[in-house]
Amino acid sequence: MSDRYDFRAIEGKWQARWEAAHLHHAPDDDARPRWYALTMFPYTSGDLHTGHWYAMAPSDTAARYRRMQGYNVMFPIGFDAFGLPAENAAIARRIDPKDWTYANIEHMRGQLRRMGATFDWEREVITCDPDYYRWTQWWFLQLYRQGLAYRAEAAANWCPGCHTVLANEQVVDGRCDRSDDVVERRFLTQWFFRITNYAEELLRFDGINWPERIRTMQTNWIGRSEGAMLDFPVDVAGVEDPLSVFTTRPDTVYGATFMVLAPEHRLVDRITTGEQRPAVDRYVQETARQSEIDRLSTEKEKTGVFTGAYAINPFSGRRIPIWIADYVLVTYGTGAVMAVPAHDERDFAFARKYGLEVIPVFTHEGTNISQPLESAFVDGEQMVNSGTFDGTPFASAKQAVIAHAEREGIGRGTVNYRLRDWLISRQRYWGAPIPMIHCDEHGVVPVPEEQLPVLLPENVQFEPTGQSPLTQIEEWVNVPCPIDGKPARRETDTLDTFMCSSWYQIRYCDPHNQEQPVSPELARKWLPVDQYTGGAEHAVMHLLYTRFFWKAARDMGIVEGDEPMLRLFSQGVILGPDGNRMSKSRGNVVAPDELVAEWGADAFRCQLMFVGPWDQGGPYNPTGMQGIIRWLNRAWSVAVEEPQFAELAGASETRSLRRVVHRTIREATADMESFSFHTLIARLMELTTALSRARDAGPVDRAAWNEGLRSLLLMMAPLTPHLAEELWERTGGSFSVHQQLWPAFDPGLARDEMVELVVQVNGKVRERIQLAATASEAEARVAALASEKVRQWLDGKEPRKVVFVPGKLLNLVL
RNA sequence: GCCGAAGUGGCGGAAUGGCAGACGCGGCGGUCUCAAAAACCGCUGGGCCCAAAGCUCGUGUGGGUUCGAAUCCCACCUUCGGCACCA
């Protein structure tokens, strides 16, 4: 046989055969231990790009490896199918979003099949399918029942390009993460999920193996601060409630010489005096006109206006002015701060500009606090100017002040978070309708569960108006109130699509269940996900939301355990050949379909895995395909062109071949465990070379050859599933190579007999000597001193010290 | 500004205290061929040297620890990522 590797003849053939044999379906009733491997499902953009391949092919390799280790592996796939592009396509091209989406899915299914991945298509989910979003709506109702969904007016991020509000997580540097438009601040009544209820728990990552990078990003995003809430009475007739402020420095409260409110703060209008009103109104309007980007710039000089009103410092009793300034954010804490210019840089800058009083309340080494301060200082030695607290050391000051505040009922120790509740309303059409009804008499009423799904109406006008297109469909909007049947109106906003993806991994376990989102038995069998893989761009969106969702589901008794994904691996970003992100405008897009058509799926998979460490990503090297193709050709030739056989069971060349084989298994197994696919491929290339050299060198022991070839094909199976299957069959293996066990290595056979021992003199390599691997220090010394070269370097001296690393090195120190 | 990761041949990268550059690309030389391509084989960090042997330099920069450092420690530079007026 001298035929050559032709992927065209084998890839389609085996894909069909695997499908016919349901090889990739994970049965629910199977005695093997389960392994739930999950790769993030794709958005239905209509085209599978290189980034998808880069994410999915290695995930598939890892999943196949687990199967060869004896697990019942579930590796499902589906489509994240709701979202704006479908609607924008509808507007631009006058096609129905549904038609656009399902046509895209059809195309992408073909692309995914040609990848040759072990996807369990019998578990496919499509989030825009009523069978799926019925349960997304169901989840909404459960969260509502738990008090975790609520409607409130708040400062929301409005994207003028997308004509909808966005969650905080979708705003990057003041811009929409999708359209890049500068977001505007609008005060709107919207639906939220109380993710902040779980802030504390979301900061803990106990029992899960997630990358440090993702954990840090989530931790930063949640932004926990310890401090106190302090109440400052307002000295304005008719304002009874005190002004509460959050501070991380309650110990500096005696130095609070003024207060600052965000310009949007509710109290501003009520406390502003007649004299100050024109200036305040002007400032509030100016602030409202500014973009968030300008407003949040730390470069900008601080500005503000006095309201004319005063508050009382509850500790010092001092009457202090209330200002407004745009450096105070209405979205954080209470939207008001106590300003302590002596100990806060921002307050200091503000006080200096407007001539406000500065009172230091700590002593500080190297600072004369009886002189006007040059700058604020944050640490200190002990409290001063603080009444009975004077002399309290810095370290215990916070606790002392908090304890006092709690005793007096003027404040309390608290923890504040940067994390805001998750805004889930969207003023767009292509999403799951929020299953609520507004009734004049009964307020907001949930749609009864048996009426789910609330179907999206069809034939809708999409031209963006700033309101959901659903508002215009009278026959859909007008419904009877579920309580008394009187005329009422449906909620017309749709759900953030991140809600659809927050629970998809749960639905995969029981995708066809018509009674429940998942049966308790199947949830228990498959969940949580053992290995999740996906991009780091979802760190504070999808990956945070799905953890929140899971914890809420746990508290409702639907799932068990504290975390939805036990292990997470975040792959890097595959870049264009020029080192930039692939984009049509740059013209550096690498199209998978073309490469698959030219070189085959196996080769493309390997090329992507050979780029470098998976978590680092990097530029795609167009010429790199050659190396992979050469390897696959050599592997083909090694499998189909037998050597001359002879009985050489104990011969040294046999031992040496077996050593390479067993060592490769050892290393390849470690590489699989650590997702080090590039070094794994390198090792298999070496094994292929070793086999072909052994064959060309003369007669080979039959058993050793078969062991080596068989091991090579088994280890290639997760990487090149089609090629391995074909060669497995040609070399007499039974269907399927993917149902075989991963090879085991014999440490004894992997061990070296002879080693090249490095001899160093004063730490520099001067000689290499052949020695039995088990040689002792004394033996190594004798062998080293037998070398003329070593003796020359020793120059007749006796080594002062000898370092011996068995099997590796002997260092003679003079 | 704060936090984190990274920096190694012409290129992607390997080696996480013990032979720097595995494996691959590219390059050079060869086999085959009328020729080219493909395939296969060999060589391929810099310097000294006709060459080899050999010596020497070499993992962002400068110091340190160690018999021995790409690897550990300190300082700095650069790149990337995250957070950033969060009180």
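To find a chain, count down the sequence lines: A is the first, B the second, and so on, and within it residues start at 1.
- For the C1' atoms, the distance linking B/U59 with B/C48 amounts to 22 Å, nearest Å.
- Of the candidates B/A14, B/C23, B/G18, the closest approach to any side-chain atom of A/Thr679 belongs to B/A14.
- Heavy-atom nearest nucleotides on RNA chain B were determined for A/Ser692 and for A/Ile681, and the one closer to the 5' end corresponds to A/Ile681.
- Around CD of A/Gln770, the count of heavy atoms belonging to other residues, nucleotides or ligands within 6.0 Å exceeds 12.
- A/Arg634 has no carboxylate O lying under 4.0 Å from a charged side-chain N of A/Glu641, or vice versa, which leaves the two without a salt bridge.
- Taking 3.5 Å as the limit, the base of B/C67 and the side chain of A/Asn811 contain a donor-acceptor pair of atoms between them.
- Contact between the side-chain N/O atoms of A/Arg695 and the OP1/OP2 oxygens of B/C40 is not found at any separation under 4.0 Å.
- In this structure, A/Asp251 places its CG atom 14 Å from P of B/A87, rounding to the nearest Å.
- With the nearest nucleotide of RNA chain B identified for both A/Tyr327 and A/Ile629, A/Ile629 has the one nearer the 5' end.
- Between A/Trp422 and A/Tyr545, the ring-plane angle classifies as parallel under the 30° and 60° cut-offs.
- A/Arg630 has no side-chain polar atom (N or O) that falls below the 4.0 Å cut-off from OP1 or OP2 of B/C41.
- Between A/Thr623 and B/C11 there is no side-chain N or O to OP1 or OP2 distance below 4.0 Å.
- Distances were taken from every side-chain heavy atom of A/Gln626 (C-beta onward) to each of B/C19, B/C85, B/C25; the shortest belongs to B/C25.
- Here A/Lys808 does not reach the OP1 or OP2 of B/G17: none of its side-chain N or O atoms lies under 4.0 Å away.
- At B/C55, none of the side-chain N or O atoms of A/Lys789 fall inside 4.0 Å of OP1 or OP2 (strictly under the cut-off).
- In B/G9 the O4'-C1'-N dihedral to the base is within 90° of 0, which defines a syn nucleotide.
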Test A/Trp53 against A/Phe604 for ring pair (Phe, Tyr, Trp, His ring centres under 6.0 Å), laying out the working first. CA-CA 9 Å; A/Trp53 274 78; A/Phe604 188 46; 4.9 Å; yes

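- Annotation: cation-pi geometry satisfied between A/Lys302 and A/Tyr327 (NZ/CZ under 6.0 angstrom from ring centroid, within 45° of ring axis).
- Under the side chain to side chain contact (heavy atoms under 4.5 Å, CB included) criterion, A/Ala228 pairs with A/Leu230, A/Pro250, A/Ile402, not counting sequence neighbours.
- Ring-plane geometry between A/Phe350 and A/Tyr354 is classed as tilted, the angle between the planes lying from 30 to 60 degrees on a 0 to 90 degree scale.
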Bracket notation of RNA chain B in which parentheses pair within the strand, [ ] cross earlier pairs, and | pairs with another strand (Watson-Crick or G-U, under 3.5 Å): (((((((..(((.....[....)))((((((.......))))))((((.....))))..(((((..]....))))))))))))....

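- You'll find that the side chain of A/Phe610 is closest to B/C23, out of B/G82, B/C19, B/C23.
- Listed by residue number, the members of residues 331-340 of chain A with any heavy atom below 4.0 angstrom from RNA chain B are A/Tyr332, A/Val337.
- One atom, CZ of A/Phe232, and another, P of B/A87, lie 16 Å apart when rounded to the nearest Å.
- Within 6.0 Å of CZ in A/Arg266 there are 12 or fewer heavy atoms belonging to other residues, nucleotides or ligands.
- Both the sub-6.0 Å distance and the 45° axial angle are satisfied by A/Arg766 relative to the ring of A/Trp793.
- Aromatic ring pairs are classed by plane angle as parallel below 30°, tilted from 30° to 60° and perpendicular above 60°; the pair A/Trp614 and A/Phe677 is perpendicular.
- Rounded to whole Å, the distance from CD on A/Glu686 to C1' on B/A15 is 13 Å.
- Comparing B/C19, B/C67, B/G13 by their nearest atom to the side chain of A/Arg768 picks out B/C19.
- Remark: A/His678 is in phosphate contact with B/A14, judged by side-chain N or O atoms under 4.0 Å from OP1 or OP2.
- Taking the P atom of each, B/A15 and B/A38 are spaced 31 Å apart, rounded to whole Å.
- Of the candidates B/A14, B/G18, B/C55, B/A14 carries the atom nearest the A/Pro613 side chain, counting heavy atoms from C-beta on.
- Ring geometry for A/Trp636 versus A/Tyr5: interplanar angle of 30 to 60°, hence tilted.
- Looking at the side chain of A/Arg766, the nearest of the listed nucleotides B/G13, B/C23, B/C55 is B/C55.
- In this structure, of B/G18, B/A87, B/G24, it is B/G24 that holds the atom nearest to the side chain of A/Arg634.
- Listed candidates were B/A87, B/G82, B/G18. Nearest to the side chain of A/Val328 is B/A87.
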